[in-house]
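Have a look at the structure below before the remarks.
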2 protein chains.
Amino acid sequence: MAEIIVVNVVASASIGKELMLQDIAFQLEGAEYDQDRFPGLIYKLAEPKTAVLIFRSGKVVCTGARSIPDVHVAINKVVDELRVLDMPVKDEPDIVIQNIVATTNLESTLNLIQIAMSLGFENVEYEPEAFPGLVYRMDDPKVVLLLFGSGKMVCVGAREVNNIKDAVRNIKEELSTAGLMRT
Amino acid sequence: MAEIIVVNVVASASIGKELMLQDIAFQLEGAEYDQDRFPGLIYKLAEPKTAVLIFRSGKVVCTGARSIPDVHVAINKVVDELRVLDMPVKDEPDIVIQNIVATTNLESTLNLIQIAMSLGFENVEYEPEAFPGLVYRMDDPKVVLLLFGSGKMVCVGAREVNNIKDAVRNIKEELSTAGLMRT
DNA sequence: TTTCTTTTAAAAAGGGTATTTAAACCTTTA
DNA sequence: TAAAGGTTTAAATACCCTTTTTAAAAGAAA
């Protein structure tokens with residue numbers, strides 16, 4: 001079975017109280033902050049390679065992590081840096097994984113038109129002239145799959161890694177049963 | 001003492017579960033519904049003269065009422081009309097008064113520049129070239145007063161009528177003490 | 001050839017969209 | 001010149017947008 005590769009993890013966390021973003025922007029090297037564009041301050045870390053959005057409320061969003069442990073490492077790094085700047089931050093931020101994006105290879109070229117008909121148009125969106133992937137909204141687990149003619153797929157919206165495993169297992173079963181995959 | 005006139009009462013309420021706004025828009029005479037402009041359906045009542053915003057969530061907002069009893073009359077009218085259309089509505093919507101707007105006359109012309117200095121620039125905004133009224137944010141009760149050179153004023157943000165009475169009493173006392181009102 | 005656009009999910013928090021109302025001053029429009 | 005509309009304030013409702021990240025692959029633009 002082709003491996004499932006997590007390519008992006010998005011998480012949110014509360015790291016403290018009211019933060020003075022203007023001060024942080026001035027003291028934190030590399031911080032991007034343009035209130036007119038976006039209310040959050042954008043801080044990109046090189047290792048783990050992530051982008052952390054810091055908000056006035058003390059909440060943050062971490063994007064781009066390749067694993068859940070990396071999310072924790074990234075957020076803790078930001079918290080430590082803010083602590084050095086004497087900003088009011090917690091010792092243990094409460095991190096919540098919000099979205100895990102993963103890819104895998106179904107190892108079979110796919111006839112997306114036939115798959116669209118088979119999965120039912122109520123859960124499928126397929127407009128090759130707009131986007132080459134077929135969008136399938138799975139109910140359980142509640143995730144969205146992007147299927148490509150090459151057999152590769154992307155799973156987005158998962159809250160935990162097991163959701164992805166279940167989704168991949170389900171779609172393989174559905175396609176195989178419908179005879180839409182080289183078995 | 002010049003009377004306080006309530007000119008607008010805004011209230012919110014939950015009147016039921018998920019509502020099909022599209023259906024309501026089609027069946028309710030006079031309903032305005034344009035999803036691209038605003039997510040709520042706008043329904044204007046002639047008596048009491050109000051505008052009720054109905055949302056998909058089953059929550060509504062009533063604006064324009066001249067009194068608190070009128071808010072109840074208006075919302076109940078809407079609920080009754082929706083019930084006739086077989087929409088899922090409650091028997092007793094839980095109405096919450098969110099904002100009461102009132103006007104009164106301080107019966108003295110006011111020197112807004114002097115008042116701005118006296119009340120303290122941290123709570124006052126006065127830019128006559130932009131807007132003729134002086135904006136005063138009172139802490140207790142937490143309301144905002146718009147003072148005009150004519151002596152007339154507007155009080156917004158009150159949650160109950162007593163807030164307005166207290167606010168008027170307070171501003172009169174503050175201005176009189178500072179000798180900024182003809183007593 | 002490289003880059004960008006298309007699509008999807010998710011959070012954060014502002015801004016805009018719309019509704020109502022008074023005050024009074026300015027500008028625009030018939 | 002009169003009438004209309006814009007200026008400001010509060011409040012709830014709930015959507016859209018903004019930004020960040022990431023893969024897939026097709027088409028277009030540079």
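So that the names make sense, note that chain A is the first sequence line, chain B the second, and so on, each numbered from 1. Since the structure is predicted, the reported quantities are computational estimates derived from the model, not experimental observations.
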Judged by nearest nucleotide, the residue sitting upstream toward the 5' end of DNA chain D, A:Val154 or A:Pro39, is A:Pro39
Closest-nucleotide mapping onto DNA chain C: is A:Leu53 or A:Pro132 further toward the 5' terminus? I mean the 5' end. A:Pro132
Quick one: B:Phe148 CZ to C:dC26 C1', roughly how many Å, whole number? 14 Å
Please figure out whether B:Val156 or A:Arg37 has its closest DNA chain D nucleotide nearer the 5' end. B:Val156
Listed partners of B:Asp140 passing side-chain contact (heavy atoms from CB on, under 4.5 Å), at least two apart: none
Closest to the side chain of B:Phe38, out of C:dA13, C:dA18, D:dT20, is C:dA18
Let me know the distance between NZ of B:Lys59 and P of D:dC15, rounded to the nearest Å. 11 Å
Which is true for B:Val144 with a 4.0 Å heavy-atom rule: it touches a base, it touches only sugar-phosphate, or it touches nothing? sugar-phosphate
Looking for any heavy atom pair under 4.0 Å, which part of the strands does A:Ile42 touch: base, sugar-phosphate only, or nothing? sugar-phosphate
Hey, is the side chain of B:Arg137 poking within less than 4.0 Å of OP1 or OP2 on D:dA10, counting only N and O atoms? yes
Rounded distance (Å) that lies between atom P of D:dA26 and atom CG of A:Leu146: 14 Å
Show, in sequence, the C-alpha distance, side-chain angles and deciding distance for B:Glu173 and B:Thr177, and conclude whether the side chain to side chain donor-acceptor pair (under 3.5 Å) test is met. CA-CA 6 Å; B:Glu173 176 61 27; B:Thr177 300; 3.1 Å; yes
Using a heavy-atom cut-off of 4.0 Å across all strands, would you classify B:Thr50 as base, sugar-phosphate, or nothing? nothing
Would you classify B:Val7 as touching base, sugar-phosphate or nothing, given that sugar-phosphate means primed atoms plus P, OP1 and OP2, and contacts are heavy atoms under 4.0 Å? sugar-phosphate
Rounding to a whole Å, what distance do you find between A:Leu19:CG and C:dA12:P? 15 Å
Any A:Lys49 side-chain N or O less than 4.0 Å from OP1/OP2 of D:dT21: no
Taking NZ, NE, NH1 and NH2 as the nitrogens, is one of them in B:Asp80 or B:Arg83 under 4.0 Å from a carboxylate oxygen of the other? yes
Selection from C:dA11, D:dA11, C:dA13 that lies nearest to any side-chain heavy atom of A:Ser12: C:dA11
Is there a side chain to side chain donor-acceptor pair (under 3.5 Å) between A:Tyr43 and A:Glu32 once you walk through the steps? CA-CA 6 Å; A:Tyr43 186 51; A:Glu32 299 167 41; over 6 Å; no
Base, sugar-phosphate, or nothing: which does A:Glu125 touch, judged by heavy atoms less than 4.0 Å apart? sugar-phosphate
